[in-house]
Amino acid sequence: MYQFTDFEYLNTLNEEQKVAVKTLHGPVLVLSGAGTGKTRVLTTRIAHLLMTQTTKPWNIMAVTFTNKAAREMKERVSSIIGSAAEQILMGTFHSLGAKMLRQHAELVGLKKNFTIIDVDDQLKLIKQILSNHNIDEKRLPAKLFLNIINSWKDKGLTPDKISDNLTNSTNNEKQIYQEYQIKLLQSNCVDFGDLLTQPLELLRTNTDVLDQWQSKISHILIDEYQDTNTAQYLWIRLLCSKTNNICCVGDDDQSIYGWRGAEVKNILSFSKDFENAKTIRLEQNYRSTKKILEAANCLINKNNARLGKNLWTQNNGDENIEISSVYDSSEEAINIGEKIEEKIRDNKKLSEIAVLVRTISQMREIEERFISIGLPYRVVGTKFFDRLEIKDAIAYVRILCNSSDNLAFERVINTPRRGIGSTTIKKLLDISRLEDIQLFHVGENISTYENINLPTKDKINKFIKQINEWKTLKFTQEPSELIDMVLEETGYYEMWRNENSEDANTRIENLKELLISISKFDTLEGFLQHVSLMTDNETNNITGEVTLMTLHASKGLEFEIIFLPGWEEGLFPSSRSLEDSGDVGLEEERRLAYVGITRAKYEVHISYASSRRIHGLWMSSFPSRFLKELPEELSSKVVVSDYNLYDENINYDYQNQTSNPGYGPAWKRFSNNTNYKQKLFISSNSPKIKEISNDEFKKGDRVFHIKFGMGRVANANGDKLEIHFDKAGNKKIKSNFVEKK
DNA sequence: GTGCAGTGTATTTTT
DNA sequence: TACACTGCAC
Ligand SMILES: Nc1ncnc2c1ncn2[C@@H]1O[C@H](COP(=O)(O)OP(=O)(O)OP(=O)(O)O)[C@@H](O)[C@H]1O
């Protein structure tokens, strides 16, 4: 027997956490709010399972939401138990699924070296199928089918399980799905959804495989359980049904992937799904200050579909949530930049500051601002591997590793230009489809086909010959050297060099960067298997950089200071979300806001702009309804510019947006507004809107503000004034926006 | 088969 | 705005 007192890592836990960690058998659910130490429970529990010798590292399967999270968890576990942590099966559902699938690939008709394709390739494949069916894409866009197929996969539905009442049979959805799967199989490819459905099918239809895995895995641990989908749920149910040793942690209020098939009901019905489950609720938040936590609780309380919880903290801190109203997105970026510079002067670490946005498109302007003021930053989740030149290069890797990969073949055959144009490619595709052979083999036997002219055949032969030569070199050459050679010999580098532009140079640099990441792998196959699942860029943040990312990507992370720009109706909550899913969509948006706020330890800075450019048009925007849902007494309002049109208390008809006064392109109204041109001048020419007025303000002064009218200075601190307005209440305003009266 | 001009449409979030 | 797609001239 062991003694609990021996395990000093348990001292870092509170009593409830200890219960969760020490319950080593049976189903355990830790359901609790943000920052209550759920992830810490999971990490410590893994260590405890090993320290108590309850099981072996290779018998543990731990599922995280991102690969990065898996890496971090592995690091933390090994800091407790040492290098044995390496042997734990740890990763995302997708990466673990891929692992299982590679082991048993032949059972589902794949080869071990199958390629994982991305959404772009999925779409290309569907487009090909639709055009074979003469389906008019204007009427039924490929995207529609993509969404349907993906959502079926999220539910773990293979084509044979699609019953007719699930489909709109006139659109042939089921048949398209079937053909899509056949094409994938022929290319020896899988998509992301397959990494869940195929392993599930594997376990469902092969009892010996199921047996083997059930005996292998003694304990399953899952983080962020609220964002699992049906396919994932079914998979882990099968895996753990023998031992029932499953421990899930999550928070129903942080479920933000419903649009991707995540089912909150998985976490809500855990104790029904797993008999004798122990449910543990943690209530102490260790991350945020009282004010932040209360504001977040108050907001999430507006959701109806939730369990509800008590959260408290001992962390004091007197910073209110700061809500800034700005004129437009450019001023917003400037403002964030200034605030961060202030933090630098206060000796805050840049690595403890993050800007969380709703949409990726918001990032650009902020990035540009950071660049122009020389502020170091990093973007999490931008996909290096999504760039055109990287995809081209990877397509070469793909065809060298898996010659069946039709999509890679198609991408590469005329890149760079070889004089094999769309007509020829169409002929090759037709042959491939009619004779049911891979494009590459069509190419290999090109001389036997009649309807292609000789010069073209020569070009194709030459291309195939090149590929085959490189394939033999795979065994002798370093992977990165080989790809460097491929890019040189194909003339791919040259194609960009000839362009001789700034853009082309960056592309060549990116390719060099790619070679560096390839060189970290022993084989091209190894690289390829990782690259399709890799999303987070590895940049370590030791130098100290501000982090810029989407709210979705921020899940599970924490920072001292958080900026949340773009809290405007339409953007956040996103109008698309409301249109598509109504109240359900709204509640998910609100959870997203909750996630955003609860990332902060000490400070939250929210901002909203009156005007934002959408599709190149200036649109006026109203403050997000979420602002009203934050407690008044916990927030401080800052008016950054006196040209902003609304404050967050404006009466706005959320149900019927177009009925609101002034709704529509802002230029309509602004064109009649003399301030408009003046404002444009200021925002485009002056890097900082900071013409400190010479007027000294002191407590008690009467002042006038263009929007809030008359008021009296309640507090003056340099150019920062706190003013009691006669009509508009208390506001924090910079002195250059008010006049002394 | 290639290149370019003109048109239309889209931005929600990701493994 | 910005990029993907189409149609046309060479
Ligand atoms: N018992 C504890 N005592 C002190 N600090 C703790 C304790 N448990 C966790 N923490 C700290 O609290 C913070 C939040 O922990 P953790 O990330 O595990 O929470 P979480 O519940 O997973 O949060 P979220 O749901 O927001 O992702 C971390 O900084 C962690 O180090």
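Note that these values count all heavy atoms, side chains included, but never hydrogens, waters or copies made by symmetry. Lettering of chains follows the sequences in order, A, B, ..., and the numbering in each one begins at 1.
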Find the distance [X]:[atom1] to [N]:[atom2] and express it as a whole number of Å.
{"X": "A/Ile360", "N": "B/dA10", "atom1": "CD1", "atom2": "C1'", "result": "14 Å"}
{"X": "A/Gln254", "N": "B/dT13", "atom1": "CD", "atom2": "C1'", "result": "16 Å"}
{"X": "A/Leu571", "N": "B/dT13", "atom1": "CG", "atom2": "P", "result": "10 Å"}
{"X": "A/Phe463", "N": "B/dG1", "atom1": "CZ", "atom2": "P", "result": "16 Å"}
{"X": "A/Leu586", "N": "B/dT12", "atom1": "CG", "atom2": "P", "result": "16 Å"}
{"X": "A/Arg576", "N": "B/dA10", "atom1": "CZ", "atom2": "C1'", "result": "9 Å"}
{"X": "A/Asn67", "N": "B/dT15", "atom1": "CG", "atom2": "P", "result": "8 Å"}
{"X": "A/Leu592", "N": "B/dT12", "atom1": "CG", "atom2": "C1'", "result": "9 Å"}

Closest approach to the side chain of [X], judged atom by atom: which nucleotide of [options] is it?
{"X": "A/Ser361", "options": "B/dT2, B/dT11, B/dT15", "value": "B/dT11"}
{"X": "A/Thr66", "options": "B/dT12, B/dT15, B/dT13", "value": "B/dT15"}
{"X": "A/Phe192", "options": "B/dT11, B/dT14, B/dT15", "value": "B/dT15"}

Please identify each residue that fulfils salt bridge (charged side-chain N to carboxylate O under 4.0 Å, His left out) with [X], with sequence neighbours left out.
{"X": "A/Arg497", "value": "A/Glu488"}
{"X": "A/Arg102", "value": "none"}
{"X": "A/Asp392", "value": "A/Arg411"}
{"X": "A/Glu410", "value": "none"}

Inset, instruction - Quick one: label A/Asn414 by what it contacts on the DNA or RNA (base, sugar-phosphate, nothing), any heavy atom closer than 4.0 Å. - result: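 Sugar-phosphate contact only - A/Asn414 comes under 4.0 Å of backbone atoms but never of a base.
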Inset, instruction - Looking at every strand, decide which applies to A/Tyr257 at a 4.0 Å heavy-atom threshold: base, sugar-phosphate, or nothing. - result: sugar-phosphate
Inset, instruction - Search all heavy atoms of A/Val604 against all heavy atoms of A/Leu564 and return the closest pair with its distance. - result: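 Closest heavy-atom pair between A/Val604 and A/Leu564: CG1-CD1, 3.8 Å.
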Report all interatomic pairs (protein N or O, nucleotide N or O of nucleotides 1-8 of chain C) with separations under 3.5 Å.
| residue | atom | partner | partner atom | Å |
| --- | --- | --- | --- | --- |
| C/dT1 | N3 | A/His615 | O | 3.4 |
| C/dA2 | OP1 | A/Arg364 | NH2 | 3.4 |
| C/dC5 | OP1 | A/Lys127 | NZ | 3.1 |

Legend entry - Stepwise side chain to side chain donor-acceptor pair (under 3.5 Å) test for A/Asn188 and A/Asn113: CA-CA 8 Å; A/Asn188 192 27; A/Asn113 62 341; 2.9 Å; yes
Counting only side-chain N and O atoms of [X], is one of them less than 4.0 Å from OP1 or OP2 of [N]?
{"X": "A/Thr423", "N": "B/dG1", "value": "yes"}
{"X": "A/Thr424", "N": "B/dG1", "value": "yes"}
{"X": "A/Ser574", "N": "B/dT11", "value": "no"}
{"X": "A/Asn150", "N": "B/dT15", "value": "no"}

Inset, instruction - Apply ring pair (Phe, Tyr, Trp, His ring centres under 6.0 Å) to A/Tyr177 and list each qualifying residue two or more places apart in sequence or on a separate chain. - result: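 Once residues adjacent in sequence are excluded, the partners of A/Tyr177 under the ring pair (Phe, Tyr, Trp, His ring centres under 6.0 Å) criterion are A/Trp152.
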Inset, instruction - Can you sort out the partners of A/Tyr180 under ring pair (Phe, Tyr, Trp, His ring centres under 6.0 Å), two or more places apart, ordered by chain and number? - result: none
Legend entry - Residue pairs fulfilling salt bridge (Lys or Arg N to Asp or Glu O under 4.0 Å) with at least one residue in residues 221-238 of chain A, sequence neighbours excluded: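 Sorted result for residues 221-238 of chain A: A/Glu224-A/Lys555, A/Asp227-A/Lys555.
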Inset, instruction - Compute the centroid of each ring, for A/Phe409 and then for A/Phe463, and state whether the two points are separated by less than 6.0 Å. - result: yes
Legend entry - Ring centres under 6.0 angstrom apart (A/Trp259, A/Tyr257): yes
Inset, instruction - Compare the ring of A/Trp259 with the six-membered ring in the base of B/dT12 and state whether they stack (centres under 5.5 Å, planes under 30°). - result: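 Check failed, A/Trp259 does not stack on base of B/dT12.
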Inset, instruction - Check DNA chain B against residues 228-236 of chain A and give the residues with a non-hydrogen atom under 4.0 Å, in numerical order. - result: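 Those residues: none at all.
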Return all side-chain donor-acceptor pairs below 3.5 angstrom for residues 417-424 of chain A, not counting sequence neighbours, or 'none' if the list is empty.
| residue | atom | partner | partner atom | Å |
| --- | --- | --- | --- | --- |
| A/Arg418 | NH1 | A/Val412 | O | 2.8 |
| A/Arg418 | NH1 | A/Ile413 | O | 2.8 |
| A/Arg418 | NH2 | A/Tyr396 | OH | 2.7 |

Using a cutoff of under 3.5 Å, can you pull out all pairs of nitrogen or oxygen atoms linking the protein to nucleotides 3-6 of chain B, with atom names and distances?
| residue | atom | partner | partner atom | Å |
| --- | --- | --- | --- | --- |
| B/dG3 | OP2 | A/Arg417 | NH1 | 2.6 |

Inset, instruction - Please evaluate the base of B/dT13 for a donor-acceptor partner in the side chain of A/Arg358 within a cut-off of under 3.5 Å? - result: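 Between B/dT13 and A/Arg358, which were checked side chain against base, a qualifying N/O pair under 3.5 Å is present.
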Legend entry - Interatomic distance at C1', B/dT13 relative to C/dA4, whole Å: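 Nearest-Å result for B/dT13 against C/dA4 at atom C1': 22 Å.
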Legend entry - Qualifying side chain to side chain donor-acceptor pair (under 3.5 Å) pairs, either residue in residues 140-150 of chain A, two or more places apart: A/Gln122-A/Asn150
Inset, instruction - Could you pick out which residue, A/Phe65 or A/Ile420, lies toward the 5' side of DNA chain B when each is mapped onto its nearest nucleotide? - result: A/Ile420
